[in-house]
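Note that the coordinates shown come from a computational prediction; the quantities given were computed from them, not determined experimentally.
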Amino acid sequence: MHGNIASASHELKTLLAILYTRADLIEFRHKRDKSIDEPLNELRFDVDRMNMVISNLLDVVQADNPENTVNAAHDGVRGVIGKGKNATE
């Protein structure tokens, strides 16, 4: 399990760096009145990837601790991501 957590942590840190860079690119393009459609789509794709990594990590934790309250957290993460996606569509 520790290997999975380390791998997920690395993936999440990488995704956070990508999200930050995409936000900078969107700001840069917006200030110059250029289209931000492509970087916004890429940003949404990366958020979906991050959601998948978090969901997989929570699945691993739940499998290791079936009586834990991870299900509520897992459902909460999915709900927050889902609400955010629905608001942008």
Side-chain angles (χ1 to χ4, degrees):
M1 182 166 113
H2 294 292
N4 290 336
I5 292 172
S7 178
S9 296
H10 176 74
E11 179 77 10
L12 290 171
K13 282 187 163 189
T14 300
L15 286 168
L16 284 173
I18 291 169
L19 294 175
Y20 192 84
T21 301
R22 293 217 195 278
D24 283 346
L25 176 61
I26 290 167
E27 180 181 39
F28 177 86
R29 293 180 65 98
H30 179 71
K31 285 181 179 179
R32 286 155 183 79
D33 292 324
K34 295 188 177 195
S35 174
I36 59 172
D37 292 343
E38 184 179 342
L40 278 175
N41 288 334
E42 292 169 346
L43 181 67
R44 288 183 183 109
F45 174 81
D46 292 328
V47 169
D48 287 342
R49 277 184 49 206
M50 182 174 270
N51 182 42
M52 182 186 67
V53 171
I54 292 168
S55 293
N56 289 343
L57 182 58
L58 288 170
D59 287 342
V60 168
V61 171
Q62 179 61 35
D64 196 49
N65 301 301
E67 294 183 21
N68 202 329
T69 58
V70 175
N71 278 333
H74 191 275
D75 293 341
V77 169
R78 285 187 176 162
V80 168
I81 297 294
K83 285 179 187 175
K85 284 178 68 174
N86 290 338
T88 61
E89 293 176 347

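Cluster annotation: Leu25 and Leu19 are assigned to distinct hydrophobic clusters (Ile/Leu/Val/Met/Phe/Trp/Tyr, side-chain heavy-atom contacts under 4.5 Å, transitive). Hydrophobic clustering (side-chain heavy atoms under 4.5 Å, transitive across Ile, Leu, Val, Met, Phe, Trp, Tyr) keeps Phe28 apart from Ile18.
Here the straight-line distance linking atom CG of Asp46 with atom CG of Asn51 works out to 12.5 Å at 0.5 Å rounding. Atom-to-atom distance recorded for Glu11:CD and Leu57:CG is 11.5 Å, nearest 0.5 angstrom. The CD atom of Glu27 sits 9.0 Å away from atom CZ of Arg32, with the distance rounded to the nearest 0.5 Å. How far NE2 of His10 is from OG1 of Thr14: 4.0 Å, rounded to the nearest 0.5 Å.
The side-chain contact (heavy atoms from CB on, under 4.5 Å) test with Ile36 is passed by exactly one of Ile26, Leu43, Asn41: Ile26.
Across all non-hydrogen atoms, the minimal contact from Arg29 to Pro39 is CD-CG, 3.9 Å.
Arg49 places no side-chain N or O within 3.5 Å of a backbone atom of Phe45 that could act as its donor or acceptor partner.
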